[in-house]
Amino acid sequence: MHGTEYRGIKSVDGPIIVLKKTERVFYNETVYVRDRNGEKKTGKIVDISDDAVVVQVFGSTTGIDLDEASFEFLDTPLELRVGEGLLGRVFNGLGEPIDGYPQIISSEKRNVNGNPINPFARVYPRDFIQTGISAIDGMNSLVRGQKLPIFSGNGLAHNKLAAQIIRQAKLRNSDEKFVMVFAGMGIKYDVAKFFVDTFEKSGVLSNVVMFQSLADAPSIERIITPRCALTAAEYLAFEKGMHVLVVMTDMTNYCEALREISTTRGEVPGRKGYPGYLYSDLAELYERAGKIKGSQGSITQIPILTMPNDDISHPIPDLTGYITEGQIVLGRELSQAGIYPPVSALPSLSRLMKDGIGPDMTREDHANVSSQLFASYSKVKSIRNLAAIIGEEELSEVDRMYLKFGERLEKEFFGQGEYEDRTIEETLDLGWKILKELPQEELTRIKPELMEKYYSEE
């Protein structure tokens, strides 16, 4: 319902406009502001007091005149138009088409802030997702309905890895359709182009919905982008019964925008200047994942964040790690050694892996092989440190075997081609092949019956 147009702008400060009107308005309500030329700008209410309303405008406030401009309250929060036509489309951060085609044909709209899910209605995630990437499938398996972020650093291959996951992700023993929702926040033009080109080339674009807020878009748009993307994902998953994989990059840009807006509004800063509600704001996004009773579909999230200065204790990765079920950490050392994907095995973790692997889901030896690879690789790290002090020639024969094992694990198991799609069987067989570098008595994490079945096979 469109309201009446009002005048009476008190002040304009960057993207923030203070209005005099306060009757019957609500927090997060959408507002149209028209400048002196009648050009319409959209904003939302971010603060309400007794005699004024604070509106944040999506875009520039240039040309807004205190006397001439008018504004209108729309009686609705920001909404996204949803329908089957979302797939294969590219939108900006506010859900407006930017691919040259018209708006999708649908009268259905959804509040971008989402609807709360009753925790009792959630189903525990269990189904294994095969990404075709050994470092993830073998040691940090992804489960349908999980939130598994990628912690990266500036200049590492996280975009390449995300595109590979989107191309290759599939459910085993099932031909249920996987669709992708991609949200780019504050990404550079070349990154946006990389994703569109990759999806076009591999033919998955028709199954992808893209929301892109480029680096030159206003900060406030970055705050809306993931909300639009997750609203589209919820519609496809819970109303259309699809399995949706949501990739959000870069969460660091999202948090920077949050900090900028919080500072503009004069809020009291928390750690490193981020607002005190950073945790609950991130949780609002990350918790929009999972499976719900009575619905066929599911939402699996892979948020990507670049850690400032590669610091894993920075507030953004730190709080993300609390809310999500593990993390895939990319390492600069592996990247410099030319290994792709540069997944650092030891700090990476998937908390739901144990429930998604095993005899019926992947293979009976999966848990043992993964555990043994972790244990042996952590030993490799300490032997390398020792070798740096006393020299490699002073090491025992077994220690030297470990070094060879570590080198092969990094090059052959973690390292793979950008278009190489390995089945979980290939990944596990490769794990066994590399474990044979070590004497049998060193493999203490593997059950004797599995040892007999897989270790002796040539």
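For clarity, every value in this text was computed on a predicted model and none was experimentally measured.
- Q146 and S350 are linked by a side-chain donor-acceptor pair at a separation below 3.5 angstrom, with hydrogens and angles left out of the test.
- Using a 4.5 Å cut-off on side-chain heavy atoms (C-beta onward), Y286 and R288 make no contact.
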Could you go through Q296 and K240, starting from their C-alpha distance and side-chain angles, then the distance that decides it, and tell me whether this counts as side chain to side chain contact (heavy atoms under 4.5 Å, CB included)?
CA-CA 8 Å; Q296 274 300 301; K240 293 291 166 201; over 6 Å; no

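- Put simply, the side chain of L285 reaches to within 4.5 Å of the side chain of M251, judged on heavy atoms.
- No more than 12 heavy atoms of other residues, nucleotides or ligands sit less than 6.0 Å from atom NZ of K193.
- Between the side chains of S106 and R81, not a single donor N or O lies within less than 3.5 Å of an accepting N or O.
- Counting heavy atoms from C-beta on, the side chains of E200 and T198 never come closer than 4.5 Å.
- Among E418, Q164, Q416, the single residue meeting the side chain to side chain donor-acceptor pair (under 3.5 Å) criterion with Y340 is Q164.
- You'll find the side chain of I133 reaches within 4.5 Å of the side chain of I165, heavy atoms only.
- The backbone N or O of I292 sits nowhere less than 3.5 Å from a side-chain atom of S295 that would complete a donor-acceptor pair.
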Determine, step by step, whether K20 and D51 satisfy the salt bridge (Lys or Arg N to Asp or Glu O under 4.0 Å) criterion, reporting the C-alpha distance in whole Å, the side-chain angles of both residues, the deciding distance to 0.1 Å, and the verdict.
CA-CA 6 Å; K20 287 178 191 161; D51 57 350; over 6 Å; no

D318 and R271: salt bridge (Lys or Arg N to Asp or Glu O under 4.0 Å), yes or no, with the steps?
CA-CA 11 Å; D318 190 27; R271 264 166 78 193; 3.3 Å; yes

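- R122 places a side-chain N or O within donor-acceptor distance of the main-chain N or O of A289, the cut-off being under 3.5 Å.
- For Y322, the OH atom counts as loosely surrounded, since its 6.0 Å shell holds 12 or fewer non-hydrogen atoms of other residues, nucleotides or ligands.
- A salt bridge does not link D421 to R167: none of the charged side-chain nitrogens sits closer than 4.0 Å to a carboxylate oxygen.
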Does the side chain to side chain contact (heavy atoms under 4.5 Å, CB included) test come out yes or no for R445 and F374, once each step is laid out?
CA-CA 10 Å; R445 302 293 185 101; F374 266 117; over 6 Å; no

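- Remark: the backbone N or O of G321 is not paired with any side-chain donor or acceptor of Q327 at under 3.5 angstrom.
- Cation-pi geometry between R227 and F211 is not met at under 6.0 angstrom from the ring centre and within 45 degrees of the axis.
- A side-chain N or O of Y274 and one of E256 form a donor-acceptor pair less than 3.5 Å apart.
- Residue D47 is tested with V55, V54, V18 for a side-chain contact (heavy atoms from CB on, under 4.5 Å); the sole match is V54.
- Looking only at atom types and distance, the side chain of S11 has no donor-acceptor partner in the side chain of D13 under 3.5 Å away.
- Relative to the six-membered ring of Y254, R222 misses at least one condition, a distance below 6.0 Å or an angle of at most 45° to the axis.
- Under a 4.0 Å N-O distance rule, the pair R7/E72 does not qualify as a salt bridge.
- Looking only at distances, a side-chain donor or acceptor of H366 sits under 3.5 Å from a matching main-chain atom of G138.
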For the pair Y377 and E410, evaluate side-chain hydrogen bond (donor to acceptor under 3.5 Å, both in side chains) and give the outcome as yes or no after the intermediate values.
CA-CA 9 Å; Y377 189 52; E410 288 173 351; 2.5 Å; yes

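- Within a 6.0 Å sphere centred on CD of E407, heavy atoms belonging to other residues, nucleotides or ligands number 12 at most.
- For the atom pair S213 OG and F58 CZ, the distance stands at 11.0 Å (nearest 0.5 Å).
- For the pair I312/F151, a side-chain contact is recorded, criterion being any heavy-atom separation below 4.5 Å from C-beta on.
- For R172 (side chain) and D127 (main-chain N/O), no donor-acceptor pair under 3.5 Å exists by modelled atom type.
- In plain terms, the two heavy atoms of P275 and S262 that are nearest each other are CB-OG, 3.6 Å.
- Remark: K381 fails to qualify as a cation-pi partner of Y402 under the 6.0 Å distance and 45° angle criteria applied to the six-membered ring.
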Go through the steps to decide whether L245 and I302 satisfy the test side chain to side chain contact (heavy atoms under 4.5 Å, CB included), and finish with yes or no.
CA-CA 7 Å; L245 182 61; I302 301 184; 4.0 Å; yes

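- Relative ring orientation between F195 and F182 is described as tilted, the plane-to-plane angle lying within the 30° to 60° band.
- Counting heavy atoms from C-beta outward, K293 and V123 have side chains that approach closer than 4.5 Å.
- For Y277 and Y279, the ring centers are positioned 6.0 Å apart or more.
- N207 places no side-chain N or O within 3.5 Å of a backbone atom of V179 that could act as its donor or acceptor partner.
- Few gaps surround CZ on F26; more than 12 heavy atoms of other groups in view lie less than 6.0 Å from it.
- A donor-acceptor pair under 3.5 Å links the side-chain atoms of Q130 to the main chain of I424, judged by distance alone.
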Check the pair H314, K272 against side chain to side chain contact (heavy atoms under 4.5 Å, CB included), reporting the backbone distance first and the verdict last.
CA-CA 9 Å; H314 184 279; K272 288 197 189 287; 3.8 Å; yes

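- Remark: the D137 side chain and the T427 side chain contain no N/O donor-acceptor pair separated by less than 3.5 Å.
- Side-chain atoms of T300 come within 3.5 Å of backbone N or O of G145 as a donor-acceptor pair.
- Side-chain N or O atoms of S376 include none that pairs as donor or acceptor with a backbone N or O of L373 at under 3.5 Å.
- Looking at every heavy atom in both residues, V246 comes nearest to A233 through CG2-CB, 3.7 Å.
- With a 4.5 Å cut-off on side-chain heavy atoms, V181 and V208 do not count as touching.
- Using a distance-only test at 3.5 Å, with no hydrogens or angles considered, a donor-acceptor pair links the side chain of D35 to the main chain of E39.
- With 3.5 Å as the limit, one finds a donor-acceptor pair spanning the side chains of S70 and E5.
- Checked by atom type, the side-chain pair N111/N113 shows a donor-acceptor distance below 3.5 Å.
- Looking only at atom types and distance, the side chain of S348 has no donor-acceptor partner in the side chain of N140 under 3.5 Å away.
- Contact check for K10 versus L19: no side-chain heavy atoms found under the 4.5 Å cut-off.
- Annotation: cation-pi geometry satisfied between K40 and Y32 (NZ/CZ under 6.0 angstrom from ring centroid, within 45° of ring axis).
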